[in-house]
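Sequence lines set the chain letters: A, B, ... in the order given, protein chains first and strands last, and positions in each chain run from 1. Computed from a predicted model, the values in this text were never measured in an experiment.
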Amino acid sequence: MCGRYILAQQAKFERAVQLGRVHWEFTARYNVAPSQSVPVVRAAEGMHEGVMMRWGLIPFFAHGVPPKYSTINATIEKLASGPAWRGPWKRGQRCVQLAAGFYEWHLEAAGGKQPYFIDLTDEPVFGFASLWDRSVGADGVAIESCALITLPANELLRDIHNAGAHPGRMPAILAPGQFAAWLDGTPDEARSALAAYPAQRMSAHPVSLRVNSPRNDGPELIAPLQQ
DNA sequence: CCAGACGTTGTT
DNA sequence: GTCTGG
DNA sequence: CCAGACGTTGTT
DNA sequence: GTCTGG
């Protein structure tokens, strides 16, 4: 769940989120894929700082080598127990991956997959609740990376995904006003910030299959599909 | 004891 | 089929 | 998440 | 690094 999303302009994020300092530089993107460098916010020295990190968490014990298994999403149920997540969770390495919308693929009766673009009706900018870690390679170079948290889907995302017997998953979405609870709270407070965002405050529409290729980018990717 | 995994989603 | 790259 | 590669020897 | 499986 949630393997592709979009970024707003850096200035737009910085207007929506109060940051003590920024160590980043990026432009608007309409097709961010795993393994790429993404802007995140984290608590540091009593403030919120903006930094770039690799999307796809490399555990500290992996010594800078990306695992063969997927670490782009962390299930909320395993935050404290999964080997890749419990270290960052215990150490309070929480962050927010800034976004302006994301994509999900709907499996159709005919077998095809139709991509949908999803965003929030009330918030032009939001964040995915995320964990980060630092891993030092054999060459001594440290890499910071992150994984966004998923939880049971609300009705909108459940429908987009599959109308099957089993409920799907959705990313843990934080409105800008909820960032502090996730970034600065106690572990209990942080966990309380993780809840399915209300479906009635989200919007979704089908988009072109052009989004399938991570090599495509541009505002046309989020345009509503003509029927 | 050592070896091997360490992850997610959605299924026939 | 399965892994890597984006 | 999906797309694209998946191999070798020897060199323009 | 740490847990599970054998």
Rounded interatomic separation in angstrom, taking [atom1] from [X] and [atom2] from [N]:
{"X": "A/Y69", "N": "B/dT9", "atom1": "OH", "atom2": "P", "value": "16 Å"}
{"X": "A/W85", "N": "E/dT2", "atom1": "CH2", "atom2": "P", "value": "18 Å"}
{"X": "A/I76", "N": "B/dG7", "atom1": "CD1", "atom2": "C1'", "value": "17 Å"}
{"X": "A/L57", "N": "D/dC1", "atom1": "CG", "atom2": "C1'", "value": "18 Å"}
{"X": "A/R54", "N": "C/dG6", "atom1": "CZ", "atom2": "C1'", "value": "11 Å"}
{"X": "A/M170", "N": "B/dT8", "atom1": "CE", "atom2": "C1'", "value": "16 Å"}
{"X": "A/I72", "N": "C/dG6", "atom1": "CD1", "atom2": "C1'", "value": "12 Å"}
{"X": "A/I160", "N": "D/dC1", "atom1": "CD1", "atom2": "P", "value": "15 Å"}

Rounding to the closest angstrom, what is the interatomic distance between [N] and [M] at atom [atom1]?
{"N": "D/dG7", "M": "C/dT4", "atom1": "C1'", "answer": "16 Å"}
{"N": "B/dA5", "M": "D/dC6", "atom1": "P", "answer": "25 Å"}
{"N": "B/dC1", "M": "D/dT9", "atom1": "P", "answer": "44 Å"}
{"N": "B/dT8", "M": "C/dG1", "atom1": "P", "answer": "24 Å"}

N/O (side chain, [X]) to phosphate O (OP1/OP2, [N]) under 4.0 Å:
{"X": "A/T150", "N": "B/dT9", "result": "yes"}
{"X": "A/K113", "N": "D/dC2", "result": "yes"}
{"X": "A/K68", "N": "C/dT4", "result": "yes"}

| request: Compute the centroid of each ring, for A/F117 and then for A/H205, and state whether the two points are separated by less than 6.0 Å. | output: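 A/F117 vs A/H205: aromatic centres under 6.0 Å.
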Indicate, with a heavy-atom threshold strictly under 4.0 Å, whether [X] touches base, sugar-phosphate, or nothing.
{"X": "A/P67", "value": "nothing"}
{"X": "A/G82", "value": "sugar-phosphate"}
{"X": "A/A147", "value": "nothing"}
{"X": "A/Y5", "value": "nothing"}
{"X": "A/A84", "value": "sugar-phosphate"}

With a 3.5 Å cut-off and sequence neighbours excluded, list the donor-acceptor pairs that the side chains of residues 95-103 of chain A form with protein atoms.
{"residue": "A/Q97", "atom": "OE1", "partner": "A/S130", "partner atom": "OG", "Å": "3.0"}
{"residue": "A/Q97", "atom": "OE1", "partner": "A/L148", "partner atom": "N", "Å": "3.3"}
{"residue": "A/Q97", "atom": "NE2", "partner": "A/Y5", "partner atom": "OH", "Å": "3.0"}
{"residue": "A/Y103", "atom": "OH", "partner": "A/Y30", "partner atom": "O", "Å": "2.7"}

Can you tell me how far [atom2] of [Y] sits from [atom1] of [X], rounded to the nearest 0.5 angstrom?
{"X": "A/L174", "Y": "A/F128", "atom1": "CG", "atom2": "CZ", "answer": "10.0 Å"}
{"X": "A/R94", "Y": "A/L183", "atom1": "CZ", "atom2": "CG", "answer": "7.5 Å"}
{"X": "A/R210", "Y": "A/D217", "atom1": "CZ", "atom2": "CG", "answer": "9.5 Å"}

| field | Nucleotide nearest A/S35 when distance is taken to its side chain, options B/dT9, E/dC3, C/dG6 | value |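 Of the options given, the side chain of A/S35 lies nearest C/dG6.
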| query | Nearest to the side chain of A/N73, which nucleotide is it out of E/dG1, C/dG6, B/dT8? | reply |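 Closest nucleotide to the A/N73 side chain: B/dT8.
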Donor-acceptor check, side chain of [X] to backbone of [Y], threshold 3.5 angstrom: yes or no?
{"X": "A/N73", "Y": "A/T150", "value": "no"}
{"X": "A/D133", "Y": "A/P59", "value": "no"}
{"X": "A/R158", "Y": "A/A153", "value": "yes"}
{"X": "A/S135", "Y": "A/H63", "value": "yes"}

Nucleotide N/O of nucleotides 3-6 of chain D paired with protein N/O under 3.5 Å:
{"residue": "D/dA3", "atom": "OP1", "partner": "A/N212", "partner atom": "ND2", "Å": "3.3"}

| said: For a stem of at least 3 consecutive Watson-Crick or G-U pairs with distances under 3.5 Å, i pairing with j, i+1 with j-1 and so on, which stems involve DNA chain D? | reply: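 If one scans DNA chain D for consecutive Watson-Crick or G-U pairs, the stems found are C:1-6 with D:1-6.
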| query | Below 3.5 Å, does any donor atom in the side chain of A/T71 face an acceptor in the base of B/dG7, or the other way round? | reply |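 Donor-acceptor pair under 3.5 Å: no.
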| query | Looking just at side-chain N and O atoms, do A/R29 and A/Q36 make a donor-acceptor pair shorter than 3.5 Å? | reply |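 Yes - a donor-acceptor pair under 3.5 Å links their side chains.
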| query | Does the side chain of A/H106 pick up a donor-acceptor pair with the side chain of A/D159 at under 3.5 Å? | reply |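 Side-chain D/A pair, A/H106 to A/D159: absent.
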